[in-house]
Amino acid sequence: MEAPLPRAFYARPTEAVARELLGKVLVRRKGLSRLRARIVEVEAYLGERDAASHARRGPTPRAAIMFGPPGFLYVYLVYGMHHCMNFVTEADGVAGAVLVRAAEPLDDADMDAGALRGPGKLCLGLDVTLRDRGTDVTLSTATLFVADDGAARPAVRRSPRIGVDYAGIWAARRLRFFVPHNPSVSGGVGRYGT
DNA sequence: GCCACGATAGTG
DNA sequence: ACTATCGTGGCG
């Protein structure tokens with residue numbers, strides 16, 4: 001079976017982690033079964049200086065986990081209805097996280113290419129909720145983790161992040177990474193789809 | 001304590 | 001373009 005990526009993978013600059021998460025396999029254990037999906041779209045959220053990051057106001061109760069050790073799951077609720085999942089990056093004490101925005105379902109007949117397209121639907125499809133906050137995704141016992149299945153490194157394209165227009169200069173930074181022409185990548189409101 | 005406001009997605 | 005819906009954090 002595929003082993004979870006080690007903490008060292010996450011303990012690096014957030015942009016590098018984001019880029020390299022593309023093509024990796026998201027593994028979700030659900031009781032006896034497991035759901036696998038290839039990551040095709042992510043966004044990097046840097047530390048306190050990043051005006052689009054939840055870390056911008058310092059280690060508040062919600063964002064404190066972003067300042068903690070890498071390799072943990074940061075889940076939050078947006079618009080009162082959608083969950084978003086992130087992996088904490090950088091060294092302990094340095095804020096950073098990668099938002100997973102879309103994944104391509106692997107060997108699951110019940111899911112079409114769009115089932116995990118967009119951060120909200122991704123969490124819905126994988127049943128990730130606030131209860132999953134703080135999961136250590138480097139443990140072999142984790143119910144959610146990322147693995148490398150040896151697939152070739154995909155092509156990577158980048159664009160500004162989605163839905164952070166309020167962030168001034170940071171809204172323009174190209175911190176979204178995605179696999180071009182992949183049907184599971186979110187349209188990004190049409191502008192930066194492929 | 002309050003209250004305005006989203007790292008969204010589906011519909012019109 | 002509109003809005004459902006609730007946890008978070010700024011403010012007093």
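If you're wondering where the values come from, they're calculated on a predicted model, not measured in any experiment. By convention in this document, chain letters (A, B, ...) are assigned in the order of the sequence lines, proteins followed by strands, and residues within each chain are numbered from 1.
In this structure, A/Leu99 atom CG and B/dT8 atom C1' are separated by 11 Å, rounded to whole Å. Rounded to whole Å, the distance from CE on A/Met81 to P on C/dC6 is 8 Å. Look at CH2 on A/Trp170: it is 16 Å from P on B/dA7, rounded to the nearest Å. If you take NE2 of A/His82 and P of C/dC6, they are 12 Å apart, rounded to a whole angstrom. As rounded to whole Å, 12 Å separates atom P of C/dG9 from atom OH of A/Tyr166. Rounded to whole Å, atom C1' of C/dT8 lies 5 Å from atom CZ of A/Arg62. A straight line from CZ of A/Arg57 to P of C/dG7 spans 19 Å, rounded to a whole angstrom. A/Arg117 has its CZ atom 16 Å from the P atom of B/dT8, to the nearest Å.
A distance of about 22 Å separates the C1' atoms of B/dG10 and C/dG7, rounded to the whole Å. Here the separation of B/dC2 from C/dT5, taken at their P atoms, is 23 Å to the nearest Å.
Across all strands shown, B/dG1 forms a Watson-Crick or G-U wobble pair, both distances under 3.5 Å, with C/dC11. Pairing for B/dA9 is with C/dT3, a Watson-Crick or G-U wobble pair whose two hydrogen-bonding atom distances lie under 3.5 Å.
A close approach under 4.0 Å does occur between a side-chain nitrogen or oxygen of A/Thr60 and OP1 or OP2 of C/dG9. Between A/Tyr76 and C/dC6, a side-chain N or O to OP1/OP2 separation shorter than 4.0 Å is absent. In this structure, A/His54 does not reach the C/dT8 phosphate: none of its side-chain N or O atoms is under 4.0 Å from OP1 or OP2. Of the side-chain N and O atoms in A/Arg101, one or more sit less than 4.0 angstrom from OP1 or OP2 of B/dT8.
For A/Pro61, the listed nucleotide lying nearest its side chain is C/dG9; candidates were C/dG7, C/dG9, B/dA9. For A/Leu130, the listed nucleotide lying nearest its side chain is C/dG7; candidates were B/dT8, C/dG7, B/dA7.
Residues A/Asn182 and A/Glu104 are in side-chain contact: their nearest non-hydrogen atoms beyond the backbone lie under 4.5 Å apart.
Between the side chain of A/Tyr79 and the base of B/dA9 there is no donor-acceptor pair of N/O atoms closer than 3.5 Å.
A/Tyr76 and A/His54 have their aromatic ring centers within a separation under 6.0 angstrom.
A cation-pi arrangement, defined by a distance under 6.0 Å to the six-membered ring centre and an angle within 45 degrees of its axis, is absent between A/Arg12 and A/Tyr10. Under the 6.0 Å distance and 45° angle rule, A/Arg161 does not count as a cation-pi partner of A/Phe177. A cation-pi arrangement is not found for A/Arg7 relative to A/Phe9, the charged atom failing to lie both closer than 6.0 Å to the ring centre and inside a 45° cone about the ring normal.
At the heavy-atom level, A/Arg133 lies under 4.0 Å from the strands shown only through sugar-phosphate atoms.
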